Amino acid sequence: MNVVAQVEAQIKEEIKQALVKANLAKEEEIPDIILEKPKVKAHGDYATNIAMQMARVAKQAPRKIAEEIVQHLDTGKAMIEKIDIAGPGFINLFLDNGYLTKLIEQILAEKETYGRVNTGKGHKVLVEFVSANPTGDLHVGHARGAAYGDALCNILDAAGYDVSREYYINDAGNQIHNLALSIEARYMQALGKEWDMPEDGYHGQDIIEIGKELAVKDGDKWVHVPEEERIAYFREYGLKVELEKIKQDLANFDVHFDNWFSETSLYETNKVEATLEKLQEKEMIYEKDGATWLKSTKFGDDKDRVVIKNDGTYTYLTPDIAYHLNKLERGFETLINIWGADHHGYIPRMKAAIQALGYAPETLEVEVIQMVNLIEDGEKVKMSKRTGRALTLRQLMEEVGKDAMRYFFNTRSCDSHLDFDLDLARTQSNENPVYYVQYAHARICTMLEQAAEKGIDFSGFDSSLLKNEKEIDLLKQLGDFPKTIADAAEKRAPHLVTQYVFDLSALLHSYYNAEKVIKEDNLDLTKARLALMAAVKITIANALKLIGVHAPQKMYRDEE
RNA sequence: GCGCCCAUAGCUCAAUUGGAUAGAGCGUCUGACUACGGAUCAGAAGGUUGAGGGUUCGACUCCUUCUGGGCGCGCCA
């Protein structure tokens, strides 16, 4: 446990004891005491609203309760220097911040593990994300999902969850057939033949390339084989090429999956039939109008859903239920799915299916990523994979860069719709806040390097010399890191980490401009400050790693 | 028509999940090293949190009605 958490726990305990000693409540009547960090410094290091919360139980005015608490509080044990009662009954606590300096030793010792907590307690979580159909390039929306999903996984891992990342490949359905037909058309066109694209074909540039590629490689070989054989080959070929591209793009984006799960494999291992049998046993499916239906209305869905059509084939839902059952059978306790907003209507039926199989509804959590609007020349660009008018992840990486993208997507909470101004991203990428944070890291590297050149290190430093306000602010922020991780994990909100590291960087820059770290006339102070800098450096790097952003030793600026 | 999401500074977004004076970036304006990197810093201006009603000590946050926008609503995937 880190020193900050220890101090907070101690304060909470002392407040609890004070309530008991003042005869305001029995120990078991006291709710969890919440310590808040006030926005305004005049309100202390911590504030608690416990007096207001206890007003009903104790049947007294909040301010009166607050006074009682203050009188009975053991300020020595809780390291409290001063207490105020303010407003309707807030208790503001001003701490002796001496304990904070111990943080530096802790951070320097823990290094890249600093910040890790164990609120997850080894809970097994499967996060499924991106899962785009292998029928074309990943676009901006997928990039957002990938950036969010990967950061979330990193954070869950840092919070002590046992996380797996998975990509579900829809390689069995109709859309793959359309892919094959689209490739066929492009292939024929590449050979100079008149050939119409299929109704629901994929019009992307990448498919045109595949058609050309095949024409060059195999000539007109596929014109002369039976259609069935040709389509089968194009299907397999297209799938392989598209999937490889997706894997490569994601790897370049620094997103790595533990498992690529193929829909086809569900059929090969008869999982779909087994799932239907299980639903049958539980009497969760029935027949009507020649089709088989899932009783999803039993679990809050609008209507029951077809699982076997009257032509005997499955709907999209059926293998998907089998897939989710398979996840659960592999021992995952919580399933987190990250879906685009255009699939949100699908959530109730999937949750219903989970319950129909006998699992609690909370087992499946769906995080919905809102749409990304692309703005170019001040106008919204309508994105569509079908028409091929989409900005791809790859293009975006070439123009903006991985770090800026991953940082940008994780400054927003995932349920906000957001506009991505392409012109802004192109022309002002140097104004992107990611450089601000990276610069803070690089600055510290430079300082440490220069100190080393002068033969100064921070061995035997005395952290109690760090007393000025900006140093205390930095220390407090450093101490907040573990809690930020726990918070971000619990709320599935990586943007809290991004905000955290931005704030830490702002404090660093401010400090840097106000105080000189390397003071050759004061070696003791220099050592202490260098140690602080090293601790900030570690923390920035750890935070950036969670978001998937590189922490550079030096900053290079592109020359115009 | 029904369901989900959203509406906060000129623009893009936050807000410790019900807390005190709603904060950042960009943009605008004023300042700062012959100094460890100026991709920085110090400061200013900018708000009836879409509108109305309710809940309570206290509301951007919860409930309700309305307005505006996005996305869904198939025996498609």
Side-chain angles (χ1 to χ4, degrees), chain A residues 34-40 42-43 47-49 52 55 61-63 86-90 92 133 135 170 172-178 200 288-293 302-303 305-317 320 340-348 368 370-371 373 375 408 411-413 415-421 424 428-440 442-451 454 480 483-484 487 491 493 495-496 498-499 502-503 505-506 508-519 526 529-530 533 554-557:
Chain A
I34 298 165
L35 287 181
E36 274 174 346
K37 298 196 49 164
K39 290 177 219 164
V40 189
H43 294 154
T48 178
N49 59 355
M52 275 108 89
R63 281 198 74 109
F90 289 104
N92 293 332
N133 292 340
T135 53
N170 286 110
N174 221 334
Q175 70 278 19
I176 299 299
H177 185 65
N178 280 328
D200 296 312
K288 195 183 88 181
D289 302 335
T292 305
W293 301 68
D302 293 345
K303 44 191 154 190
R305 306 291 171 177
V306 171
V307 285
I308 305 176
K309 297 184 249 177
N310 59 17
D311 67 358
T313 60
Y314 301 132
T315 61
Y316 179 80
L317 180 63
D320 217 9
D342 51 343
H343 288 103
H344 75 269
Y346 195 74
I347 297 172
V368 173
Q370 291 300 327
M371 302 278 102
N373 285 316
I375 310 281
F408 176 79
T411 53
R412 271 78 172 159
S413 87
D415 55 8
S416 71
H417 306 251
L418 73 86
D419 289 347
F420 193 96
D421 191 325
L424 206 68
Q428 305 193 335
S429 61
N430 279 357
E431 302 297 326
N432 191 303
V434 72
Y435 296 99
Y436 182 87
V437 176
Q438 291 183 318
Y439 184 41
R443 254 188 165 163
I444 297 174
C445 291
T446 307
M447 280 188 270
L448 294 174
E449 199 177 296
Q450 295 201 350
K454 291 176 181 168
D480 271 348
K483 211 192 318 174
T484 301
D487 230 34
K491 294 173 186 161
H495 74 277
L496 295 176
T498 313
Q499 250 176 270
F502 181 84
D503 290 342
S505 302
L508 184 276
H509 285 308
S510 173
Y511 178 64
Y512 179 92
N513 276 276
E515 305 289 341
K516 201 152 189 306
V517 169
I518 301 169
K519 293 170 85 79
T526 301
R529 288 181 169 179
L530 284 173
M533 290 301 102
K554 287 191 177 354
M555 298 296 286
Y556 298 100
R557 171 169 242 160

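Labels below follow one simple rule: chain letters A, B, ... track the order of the sequence lines, proteins then strands, and each chain is numbered from 1. Bear in mind that the values here come from a model prediction, so they are computed numbers and not experimental data.
Remark: the separation of the P atoms in B:U16 and B:U61 is 12 Å, to the nearest Å. The same atom, C1', is picked in B:C6 and in B:A20; the two are 28 Å apart, to the nearest Å. For B:U12 and B:G46, the C1' atoms lie 16 Å apart once the distance is rounded to whole Å. Look at the P atom in both B:C66 and B:C73: the space between them is 24 Å, to the nearest Å. Rounded to the nearest Å, the gap between the P atom of B:U67 and that of B:G27 is 39 Å. Comparing the P positions of B:A14 and B:A9 gives an interatomic distance of 13 Å, to the nearest angstrom. One P atom belongs to B:G69, the other to B:G53, and the distance between them is 24 Å to the nearest Å. B:U49 sits 11 Å from B:A59 when the C1' atoms are compared, rounded to a whole Å.
Counting to the nearest Å, the P atom of B:C13 and the CE atom of A:Met371 are 14 Å from each other. The CG atom of A:Leu35 sits 12 Å away from the C1' atom of B:U16 (whole-angstrom rounding). Between A:Asp487 atom CG and B:A14 atom C1' there is a gap of 14 Å when expressed in whole angstrom units. Distance A:Lys483 NZ to B:U16 P: 13 Å, rounded to the nearest Å. B:G58 atom C1' lies 15 Å from atom CZ of A:Arg63, rounded to whole Å. As rounded to whole Å, 18 Å separates atom P of B:C26 from atom CG of A:Leu418.
Remark: A:Asn49 pairs with no residue by the side-chain hydrogen bond (donor to acceptor under 3.5 Å, both in side chains) rule, at least two apart or across chains. Residues meeting the side-chain hydrogen bond (donor to acceptor under 3.5 Å, both in side chains) test with A:Lys37, sequence neighbours left out: A:Asp480. A search for side-chain hydrogen bond (donor to acceptor under 3.5 Å, both in side chains) contacts involving A:Thr484 returns nothing, not counting sequence neighbours.
Across all strands, A:Ser416 comes closer than 4.0 Å only to sugar-phosphate atoms, never to a base (heavy-atom distances). Contact annotation for A:Lys519: no contact, since no heavy-atom pair falls under 4.0 Å across all strands. A:Asp289 comes within 4.0 angstrom of a nucleotide base, judged by non-hydrogen atoms across all strands. Counting non-hydrogen atoms under 4.0 angstrom, A:Lys554 reaches a base of the nucleic acid. Among the atoms of the strands shown, only primed sugar atoms or phosphate atoms (P, OP1, OP2) are found under 4.0 Å from some heavy atom of A:Ala341. When heavy atoms are screened at a 4.0 angstrom cut-off, A:Ile308 is found touching no nucleic acid atom at all. A:Asn310 comes within 4.0 angstrom of a base, heavy atoms only. Using a 4.0 Å heavy-atom criterion, one finds that A:Ser413 contacts the sugar-phosphate atoms exclusively.
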When you compare the protein's N or O atoms with those of nucleotides 19-25 of chain B, which come within less than 3.5 Å of each other, and at what distance?
{"residue": "B:G19", "atom": "N7", "partner": "A:Asn49", "partner atom": "ND2", "Å": "2.9"}
{"residue": "B:A20", "atom": "OP2", "partner": "A:Lys39", "partner atom": "NZ", "Å": "2.8"}
{"residue": "B:A20", "atom": "N6", "partner": "A:Asn92", "partner atom": "OD1", "Å": "2.6"}
{"residue": "B:A20", "atom": "N1", "partner": "A:Asn92", "partner atom": "OD1", "Å": "3.1"}
{"residue": "B:A20", "atom": "N1", "partner": "A:Asn92", "partner atom": "ND2", "Å": "3.2"}

N/O to N/O distances under 3.5 Å, protein versus nucleotides 42-46 of chain B:
{"residue": "B:A42", "atom": "OP1", "partner": "A:Ser510", "partner atom": "OG", "Å": "3.0"}

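With hydrogens and angles ignored, no donor-acceptor pair closer than 3.5 Å exists between the side chain of A:His343 and the base of B:G72.
Taking every side-chain heavy atom of A:Thr446 into account, B:C36 is the closest of B:G3, B:A14, B:C36. Nearest to the side chain of A:His417, among B:A39, B:C6, B:C75, sits B:C6. With B:U16, B:C36, B:C13 as the candidates, the nucleotide lying closest to the side chain of A:Gln450 is B:C36.
Stem analysis of RNA chain B (at least three stacked-register Watson-Crick or G-U pairs, each with both distances under 3.5 Å) gives B:1-5 with B:69-73, B:10-13 with B:23-26, B:28-32 with B:40-44, B:50-54 with B:62-66.
When each of A:Asp415 and A:His509 is assigned the nucleotide of RNA chain B with its nearest heavy atom, A:Asp415 is the one assigned upstream, toward the 5' end. Residues A:Lys288 and A:Ala442 each lie close to RNA chain B; by heavy-atom proximity, the contact nearer the 5' end of the strand is made by A:Ala442.
Using a 4.5 Å heavy-atom cutoff, the side chains of A:Gln438 and A:Val434 are in contact. Two residues are said to be in side-chain contact when any heavy atoms from C-beta on lie closer than 4.5 Å; A:Tyr314 and A:Ile308 meet this criterion. With contacts defined as side-chain heavy-atom distances shorter than 4.5 Å, the pair A:Leu530/A:Val517 qualifies.
Side-chain N or O atoms of A:Thr315 include one that pairs as donor or acceptor with a backbone N or O of A:Val306 at under 3.5 Å.
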